[in-house]
Amino acid sequence: MNSSGIDANESAAHRSSGLPLKNLQRYAIAILSVGVALGMSLLLEHFQFRVPSALLLLFAVAISSWFGGPGPAVLGGILSTASFYWYFVEPVRTIYIYPSEIPYFIVFAAFALLISWFAAVRRKNEADLREQADLLNLTHDTVFAMDMEGVIRYWNRGAEERYGWTAEQAVGRVVHDLLKTVFPAPLEEIKAEVIRTGRWEGELVHTKQDSSQVVVASRWALQRDLKGAPIAILETNNDITERKQAEEALCRSNRELRALSDCNQALLRATDEQSLLKEICRIVCEEAGYRMAWVGFAEHDEARSVRPVAWSGAEEGYLATASITWADTERGRGPAGTAIRGGKSCYIQDYATDPRFAPWRESASSRGFRSGIVLPLKDERATAFGCLCIYSAQSNAFTPEEIRLLEELAADLAFGIVTLRSRAARKQAEQEVALLGFAVNNVREAAFLIDDEGCFHYVNEEACRGLGYTRAELLGMAVPDIDPGVPAGSWPEHWRERQSHGSLSFESRHRTRDGRIFPVEISASYFEYGGRAYTLALARDISERKRAEQKLKESEERLRLTLEAARIGVFDWDLKTDQWYASSTYYAALGHEARPGPGDWNTWAEDFHPEDRARVVQLIEDTRAGRRGEYEYEARIRHVDGSYRWIHVVTFGIERDSDGNVTRILGLRMNITARKRAEEILRESEQRYRALFEKANDAIFLENERDEIIEVNQRACALLGYSREELLTMKVSDLQAPEVRGQVGGVIRSEIEKHGGATFEGVDLHRSGRRIPVEVTNTPISDQGQELILSIVRDISERKRAEEALRRTENELRNVIDTIPAYVFSAAPDSTVAFRNSPWREYSGLTFEPSASSWQSVVYPEDLPRHRDKWEESFATGRPLNSEARWRRAADGEYRWLWARAVPLRDEQGNILKWYGVLTDIEDRKRAEEALKRSEAYLTEAQRLSHTGSWAWDVATGKYVYWSEELFRIFGFDPQERIGTLEEVSRRFHPEDRNRWKENFEKSLREKVDTFNECRFVMPDGTVKHLHLVRHPVLNAAGEVVQLVGTALDITEHKRAAEAQRRSEAYLAEAERLSHTGSWAFDLASNKYIYVSEECLRIFGLNAEEDLPTREAVSRLIHREDWDTVKEAFEKSVREKVDTTSEFRIALASGTTKHIQATRHPVLNGAGEVVQLVGTAIDITERKRAEEALRRSEAYLAEGQRLTHTGSWALDTATDKYIYWSEEMFRIYGFDPKEGLPTRQAVFQRALPVDLNGLERSFQQSLREKVDNSQEYRFALPDGTVKHVYITRHLVLNEAGEFATMVGTSVDITERKRAEQELREGERRFRTFVDHAGDAFFVYDLEQRVVVDVNREACESLGYAREELVGKSPRAFHLDSYEAELESITERAAAGQTVIDRHRHLRKDGTMFPVEVHTGLVSYAGRRFLLMVARDISERLQVEEQRERLRQLEADLAHIDRVNILGELAASIAHEVNQPLSGIVSSGGACLRWLAADPPNLAEVREAVRRIIGAGKHAGEVIARIRALTKRTAAPKEKLDLNETIREVLVLVGDEAKRNKVIIRTPFADDLSPVLGDRVQFQQVVLNLVINGIEAMSSVSERARELVITTRNIDPEQVQVTVEDSGTGIDPNTISKVFDPFYTTKPGGMGMGLSISRSILQHHGGRLWATAKDGPGTSFHFTLPKYHEEASNAGV
Amino acid sequence: MRESEAVIAIVDDDPWVREGLSSLIRSAGWEAKTFASAQEFLARPGAEESSCLVLDLQLPGLSGLDLQRRMAEVGLEIPIVFLTGHGDIPASVQAMKAGAVEFLTKPVDDQKLLQAIQEAIERDRRSRQHRADIRALQNRYESLTEREQQVMQQVVSGLLNKQIAAELNITEFTVKFHRGHIMRKMRADSLADLVRMAESLGIRSHNQSART
């Protein structure tokens, strides 16, 4: 600025205007700066930087002089110099100046002075400038200076006043941004001009701080620097705003006048409204210079919106978002709304501030609207129908003058619109009248215009045609002349009704000229016109429909009756509306009265059984949600009485929408409870027997005559090792061992024939070839006419094995025989009794001496001949003896029933060697049999409950003398109390019926006639019963009435049904909707509809608000399938100039389908060419639907029947001919529908001969006794198939109360029967198996805690009758604490285990027997049962006892043997104990010594003590082993490592071997599998073999004495141990003898060792044998089965 | 402490006995080596260095007596202390006959055992000393020339110089000369001394034998 070109005078005064304070400040700066420099220097000094201190001080001097002037500069200089010397140059703290340093001082001072001078000059220039500014501030003009970038440098007071910005605010900002300058030309150009010419003048618009604008005349002057480069612009502005506004107002006024004139011209020229409006808007914007103008019409819709129809100017989407309304809301209180509501123009001078415009402010301001006016457009009645809105870019744009002009314009515009509209309306009306005339004449309905007197004012052609009059004739007639339903007198009343309803639709009848009366449906509208009242009536001939309805009704009725007869409920469910209709049978099936559909689906679902609910609800939900259209399910549902009934529901969709989704469903619901129950019972039974069959402990086979196996159980498969499938392909003989095979065929069969069963022992072959001894019981059974043999095969291997064991110890057996409680004898072939066991001798008192007939003395004399005969016969023929007789017991002389059995023992040639006989005490059984016979009783057949109550009333006493049980129920009296009196009964009758009842009652008494009537009877709980009462007087010989007897039939259900029927009729009779006719006109030239009536649009579902539909739009609606015919008809009308009619379907946008009947009529021009088509469209959907329904009704019935195999029929009882057969009927009975209905006789002839009589009889009975009945019959069809048909008959009353028709259903239940049959056969078969099983079966119900089923064996073994056992708790026969065990048994059984226990069972006679019970858990029908299979194990126990005794003996022997061995080894064992003992002593001594050492060697001591412990343990183990070997009792079997077991025992013989100089080698297999067994016993075996080996080598000296023990796995199942010696060997011929007991080569030996060893190994399932070696010596081998996890479980 | 250099070998098939004995012997200050069988003892190198052998009578395979016999056969002169589980008289007699130091019954008294071992060691030490003397003598003998050895044989046979000279067909002087050498080399103080040496070495005169 110091080079500014402004001419300013230097002013000393100004320079010295600084205050004294300022001087102080300047000096302070100097001191401060030097101080700071000094401080910094010291800081740097501290860090050893010396040089900068001078520079810093110099810099401080410079600062002092620049800001402070010369004075401070000098001060700074002095201070700096002093500091410099003082602190840095000579830090001696004295001022001592060398002359040589003087120049430095001078330079320093000069420098300070120079800088001071510069500062002085700068300050002077600043003062000059400030002075200039003060001058400029004095002027009121706006003056400011800016640099070339526009940044304000100066801002005078005038500028402050004008713009409102203070100088402080303005300076430094860019001027154009601050003032928002509006330039007349681009700024760059202006700048260029300024630079070029040095000045510029022009008008600018500036914005003040308060946002108002100001127009200024601006003058710019350029300032240059000395070199002439531009540096600043000085701008001076004068306010010329007001002048500008005046100019603008004038200009606008002109424009508006011109616009008005243009508008008027436009109005005159306008032909249509839209273009007029557009033109006006354009003129307002373009000519009058407004920013935007639009015309809106007030809509009378709900939102009262203002619909913009034309606009011009800067609209930019404003109207689309403005959503202007004229309702009295916030948006409606804007200018447009106010104007339309108030009818007065409304203007807003400034949008920015006016609150009314708030909603649009933002969008308006963005489009530059500042103010606006809205002018209402008024019609001739001065109501505003729209508005003209004008927006200006200026605020306050509307002066009163301007408003007046605009209002004028709006008024003209409104007038123009009204004129145009009335012109268009007239034209439209003319056309409509013409078309309406055509339409009315062309509709298929008769149209009548009737005045208040009933006279016709107008009739259409259809009316004339339909009634047979000419139009002229009709016009002279009145309504009563053609409508017999309206008599002449009643017209005024009729008229009033019409007047009150406005429009009305009803059905009536019309009479034609020739007197024919036909039903019509009339829709009449009442209206007033020209001061008179009229009715326009449209009458349609509905004869056809009536007929269809009638037919439909009949069909429905028949369907209903059929379904009712078949107890099938029907429902009809509209998925779209969720509406529900169901037949009365639907509800009646569950005991409900009719109720209004499911309605609340939740409660509806609650009726289902909890187990079925989720499934059904899911189905229904799916259906309702549209995921599923058709469904079928069986479920349980609660009857009102609380029980559950099985229902079967089948549905099928009967209506679908255009996407094919089902929208309406028809369903059938059948009560299948009885069937389900029967099935359930049968299934349960079948399952139970199957389970029993499978769980049987015996193998069961069922064989046919050809020996083929046709059924086996699991046990059989397990026994023989075959799968079930394999067995079913095999023959019985395949399973038998070869030697048995021969016997079975003939002998067994003849045996069976003779004795009705046979039991024999045989040998069966396991799959692996193993022989299984079995006991087979054969029982012949007859299954479906086939002779089968049921073989119960019991594995008697165990028994056989036991027998084997027993034979070996025959002596013991003999003892056994003597001790068993059975009576045994044997006889020589000559019948001499050779042996009697001691019990028998004891019983009979007979001696042992052989005699032929001594026994005869002890037989009961009565039984003796019979028994003797049998005895002799047996001995003569060789047949087994089987005889029951009473024998005297020697002890008390009592005769007891004994059952003598004897069988011959034959040699190989078949010669009888001996007879063996057993006498069994069957006294108890005999007694039980007696009891059984006595208790055999059968339940009498349950009587059917009569639904009719009967009573008798005694005249003499005036009291009821008899009420049947049913009557108690009907009347609701308690049968326990007493019979009610007449008075009590009478009180119960409904008050309205009471008198009639009394009258009838008395009438019967008085007139001695039967009376009957129906009465309502009120139950105590308020429900009403309908009773059909019949009374019959009983006369005595004198003809007097002595008693009244009668019945009361509860017909409440029937009444209810009748009620429902009536309601249903009302439902059907609901009137059909009035159908409307639409009319249209189509212009061929433009290929467009030129007229479409509103009704027509409604029919087609088109929007009346839109333009007329195009042909394409209409054709799109037409159903594709119908399109061709419609097109063809349309073209035919055009081509052949004829009327055409066609029916087609249209699909509306809403998804519904309508049926349309369209008529087309060509309109010709003068030249005879077709120019237009006019026509009508009638909505015939309803009619079509009725037709469709009729058609479908049949189809549904057929479908429903097909699904349920139900045929329905109707029979005219008068002619005995079928009048109706559903399609299914033909299928069921095998008739050809083409041949027409068969006669009843033809159908009946197809019944099986056995059923024919019953069929005829029940049919006749139904007719005669007038009752419904139902029965099952079998019919043989011509193709040979037999069908089971369930026929239901129902008699239908005609109006006269006679049975005119019999309707009924025939249900094909063949399939069901077959299934039942199969089930029953299976059940029977299994029952046979179970009954023949040798084990006793019990089925125990875990819930009821009783036995629910037993088999024959169970009864026989326990001595009860089946009836006695069933229902009992097992406690009755189960001795042990069964109840307590039950829990654990159930638990284990539930885990899938078969629980095997032993118990004792108690016979009825109090005796006990041991049983083995296998218990398993089975569950069926959701219930759990314990299946207990018990087997009498008395015999087995006895055998086992024997075996046990034998085992004991063996164990004793084994023990003796072990003790012997140990005796032999005594020396060796002593050594084995002595060794560790010796170690202990040595270690002990060592230990003491180590301790005594100095210092004691504790490590050695510890080691020694450890050895002592170890050796002690070792010795202990040896002793324990010896003790184990000496133990008598058997150890439990365990899993053993054989190597380890052998090593353990070898310790004992170590010394023995050493002494004999025998080396024992043990090449054991490392991977030897474990075995299961008794360790001690194995060790005994090994000891035996080792000692034998050592001894065998005692005499050998010429070779090494070596004993080798090897172990190895020889196959997957076994391990083998071999002990080889190199001794003298055994003679191969006697090698097998070594195992015989008491065979010994040792002088002191017992000869039992090897024998016992062999028996031990056999017990373990192993083998022991000896072989001679190739070289010297003998090998002993033994094998053992490997250990298996499951084997161990079973074994333990 | 006793002669700590003494090594005692223990042969017993029973580990408890073996280790117990070993510990006991070590506690007495000797070194102990253990062997599970006779075979092992024979096979293990250095076993023959033992001063004493504690030997179990009952051993698998080669028994204690067998081992004793075998050792005698191969000239292994280790004093043996026998141990046995059963005091079986014929076996003990046989063992003692064969030169066993002691025959003890298990369980053995430690004092007795240690005494026996001590005795055995003493015996071993003596026999070792004796063997060392013989070996020194032998060495000296070996250092004689062939002629000198001949002369020495003659000398210890009691022949006169003259006789020797005649015998060997050499002059008497030469005999005397050889004799002086022999005395010096054999470090014999007197003829008697030399004779004793010759006895120890087992030297016999040819003539003498020939004569007898």
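Per chain, numbering begins at 1; letters A, B, ... match sequence-line order. Not measured: the values here are computed from a predicted model.
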How long is the gap from CD1 on A/Ile1508 to CD on B/Glu19, to the nearest 0.5 Å?
13.0 Å
Between B/Arg18 and chain A, which part of the residue has a heavy atom less than 4.5 Å away: side chain, backbone, both or neither?
neither
Contact between A/Leu1477 and B/Lys106 at the side-chain level, heavy atoms closer than 4.5 Å - yes or no?
no
Is there side-chain contact between A/Gln1475 and B/Asp56, with heavy atoms separated by less than 4.5 Å?
yes
Chain B neighbours within residues 1556-1565 of chain A, where any heavy atom lies under 4.5 Å away:
A/Lys1557, A/Ile1559
Between A/Ala1486, A/Ala1492, A/Ala1600, which shows the greatest number of heavy-atom pairs under 4.5 Å with chain B?
A/Ala1486
Please report the interatomic distance OG(A/Ser1483) to CH2(B/Trp16), rounded to the nearest 0.5 Å.
9.0 Å
Taking every heavy-atom pair that is under 4.5 Å apart, which of B/Asp110, B/Leu21, B/Asp14 has the most such pairs with chain A?
B/Asp14
Check B/Thr105, B/Asp12, B/Val17, B/Leu83 against A/Ser1478 for a side chain to side chain contact (heavy atoms under 4.5 Å, CB included) and give me the one that passes.
B/Val17
For B/Arg187, does the CZ atom sit with more than 12 other heavy atoms under 6.0 Å from it, leaving out its own atoms?
no
Is the number of heavy atoms from other residues, nucleotides or ligands under 6.0 Å of B/Glu73 CD greater than 12?
yes
So, using ring-ring contact (aromatic ring centres under 6.0 Å, His included) as the criterion, who are the partners of A/Phe1578 when residues are at least two apart?
A/His1660
Is it the case that over 12 heavy atoms from other parts of the model lie below 6.0 angstrom from the CZ atom of B/Arg44?
yes
Pairs of heavy atoms under 4.5 Å with chain A: top-ranked of B/Leu113, B/Val108, B/Asp13
B/Asp13
Within a reach of under 6.0 Å around NZ of A/Lys1669, are more than 12 heavy atoms found that belong to other residues, nucleotides or ligands?
yes
Taking atom CZ of A/Arg1523 as the centre, report whether more than 12 heavy atoms of other residues, nucleotides or ligands fall under 6.0 Å from it.
no
Heavy-atom side-chain contact between A/Arg1507 and B/Ser23 under 4.5 Å
yes
At a heavy-atom separation under 4.5 Å, does B/Ile25 approach chain A through its side chain, its backbone, both, or neither?
neither
Heavy-atom contact with chain B under 4.5 Å, split by part of A/Ala1493
neither
Any side-chain heavy atom of A/Arg1489 within less than 4.5 Å of one from B/Leu24?
yes
Rounded to the nearest 0.5 Å, what separation is found between the NE2 atom of A/His1471 and the CD atom of B/Gln58?
5.5 Å
At a 4.5 Å cut-off on heavy atoms, which part of B/Asp109 comes close to chain A: side chain, backbone, both, or neither?
neither
